[in-house]
Protein chains: 2
Amino acid sequence: MTAPQMPPEPPPAMPGDAGTSPFDHPCPIRDVLNRIGDQWSLLILQALTQGTLRFNALHRELGDISRQMLSRTLKKLEADGFVQRTLYPEVPPRVEYTLTALGHSFLPPLQALVEWADAHHLEICQSRRRMATPA
Amino acid sequence: MTAPQMPPEPPPAMPGDAGTSPFDHPCPIRDVLNRIGDQWSLLILQALTQGTLRFNALHRELGDISRQMLSRTLKKLEADGFVQRTLYPEVPPRVEYTLTALGHSFLPPLQALVEWADAHHLEICQSRRRMATPA
DNA sequence: CAGAATCCTGTGGGATACTG
DNA sequence: CAGTATCCCACAGGATTCTG
């Protein structure tokens, strides 16, 4: 595969275009990367590997994430079909988030990434310090 | 594996600490994600799959990226040990970028991601439109 | 409990111009 | 050719407050 180029001109039609959104990104790789390339998406997906989680449970699980970003990111993930949101109309409302089939299908590549990160983190840190030698 | 938590307190020592950098991120997953999670790193690495490339060749390959960002990102990738930069002190200077061993070791997970993106992009776009039904 | 709204900041990243 | 320097803006994302 060659590098994913970006046609500078606006694409005539999208994969499943309907003209609704401004444009679904023409390049699949870029589109997906732009989505899950943010600070939290992958972390959230990984947290949901455990199974279904409620909003605050997720919030605790990630430790440091504003409720704002958690909410936003979950919406994007839901829109893209990675996670399913289920609202139980009870007195204190309960909302559960769980991975969809698409979400689950994403786990293997994600796992590969996580494992690589674990395996090579030290090496990266070493390289980083080596390049930063002041004198 | 549970979700990668962030200890709110500053870590006492890093994987290969030397006190040089402010801190190498304590969580490997987050650290790696923060690095390659930007707009260009993965694209550049993927472009270098072809083999050695010169600066402008990379620039053309990616199509739309400012020289600024290309330069910056390459430096980060070099610092982290993903790519090797070789300068040939000729009259018009020539600089070649190529993947290091570490860089190559990263290709399988990257490939997995790319293939997943290709395979499921349509599905994502469909979900996206389905959720966006105005009426 | 699960968010939406509002406000504010840091910085990722583009454009342009200059240099060796 | 291969950058660096400068300027500038959009937006990711945090903090806080309000609601059903």
Side-chain angles (χ1 to χ4, degrees), chain A residues 5-6 8 21-23 25 27 30-44 47-48 52-80 83-98 131, chain B residues 5-6 8 21-23 25 30-31 33-44 47-48 52-80 83-98 131:
Chain A
Q5 296 245 151
M6 275 311 308
S21 56
F23 54 85
H25 206 110
C27 169
R30 298 217 179 181
D31 189 22
V32 172
L33 287 184
N34 280 338
R35 277 306 180 123
I36 53 90
D38 62 71
Q39 186 126 80
W40 299 112
S41 292
L42 291 187
L43 277 332
I44 291 178
L48 284 176
T52 301
L53 285 176
R54 304 181 51 169
F55 186 84
N56 277 343
L58 261 171
H59 192 232
R60 275 187 302 275
E61 199 63 36
L62 300 191
D64 60 334
I65 180 178
S66 62
R67 312 161 64 67
Q68 167 94 276
M69 282 314 297
L70 180 55
S71 178
R72 279 193 205 171
T73 309
L74 280 171
K75 275 194 175 178
K76 283 178 41 175
L77 290 177
E78 189 195 1
D80 283 10
V83 312
Q84 163 135 38
R85 190 190 109 117
T86 316
L87 163 65
Y88 298 86
E90 302 171 352
V91 186
R94 178 165 52 108
V95 180
E96 292 187 342
Y97 293 92
T98 187
M131 304 295 285
Chain B
Q5 295 245 152
M6 275 312 306
S21 57
F23 53 86
H25 207 110
R30 297 217 179 183
D31 189 21
L33 286 184
N34 280 338
R35 277 307 179 120
I36 53 91
D38 62 70
Q39 185 125 80
W40 299 113
S41 292
L42 292 186
L43 277 333
I44 290 178
L48 284 176
T52 301
L53 284 177
R54 304 181 52 168
F55 187 84
N56 276 343
L58 260 172
H59 192 232
R60 274 187 302 274
E61 199 62 35
L62 299 190
D64 61 335
I65 180 179
S66 62
R67 311 163 64 67
Q68 169 92 275
M69 283 314 296
L70 180 54
S71 179
R72 279 192 204 171
T73 309
L74 280 171
K75 276 195 175 176
K76 284 177 39 174
L77 290 177
E78 189 194 1
D80 283 11
V83 312
Q84 164 136 36
R85 190 191 110 116
T86 315
L87 164 65
Y88 298 86
E90 302 170 354
V91 186
R94 178 164 51 111
V95 181
E96 292 187 343
Y97 293 92
T98 188
M131 303 295 286

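Letters go in sequence order (proteins before strands), and every chain restarts at 1.
In this structure, CG of A:Asn34 is placed 14 Å from C1' of D:dA10, rounded to the nearest angstrom. We find that OH of B:Tyr88 is positioned 12 Å from P of D:dA2, with the value rounded to whole Å. Look at CD1 on A:Ile44: it is 14 Å from C1' on D:dA12, rounded to the nearest Å. Rounded to whole angstrom, the span from the CG atom of A:Leu43 across to the C1' atom of D:dA12 amounts to 15 Å. Per the geometry, CD1 belonging to A:Ile65 stands 7 Å off P belonging to D:dG14, to the nearest Å.
Under the 4.0 Å criterion applied to side-chain N and carboxylate O atoms, A:Arg72 and A:Asp38 are not assigned as salt-bridge partners.
For the helix from C:dC1-D:dG20 to C:dG20-D:dC1, the end axes, each set by the C1' atoms of five terminal pairs, are bent relative to each other by 50° (nearest 10°).
Inter-residue side-chain proximity for B:Glu78 and B:Leu74 is flagged as unmet; no heavy-atom pair is nearer than 4.5 Å. Residues B:Arg30 and A:Asp64 are in side-chain contact: their nearest non-hydrogen atoms beyond the backbone lie under 4.5 Å apart. Counting heavy atoms from C-beta on, the side chains of B:Thr73 and B:Leu43 never come closer than 4.5 Å.
For B:Thr86, there are no side chain to side chain donor-acceptor pair (under 3.5 Å) partners at least two apart in sequence or on another chain.
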**B/S/- contact track for nucleotides 1-13 of chain C, protein heavy atom under 4.0 Å** = BBBSBB------B
**Item:** Trace of the side chain to side chain contact (heavy atoms under 4.5 Å, CB included) decision for B:Ile44 with B:Lys76
**Value:** CA-CA 12 Å; B:Ile44 290 178; B:Lys76 284 177 39 174; over 6 Å; no
**Verdict with reasoning, A:Arg85 to A:Val83, per side chain to side chain contact (heavy atoms under 4.5 Å, CB included)** = CA-CA 7 Å; A:Arg85 190 190 109 117; A:Val83 312; 5.8 Å; no
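Checking A:Thr98, A:Thr52, A:Leu77, A:Leu48 one by one against A:Gln84, the side chain to side chain contact (heavy atoms under 4.5 Å, CB included) holds for a single residue, A:Thr98.
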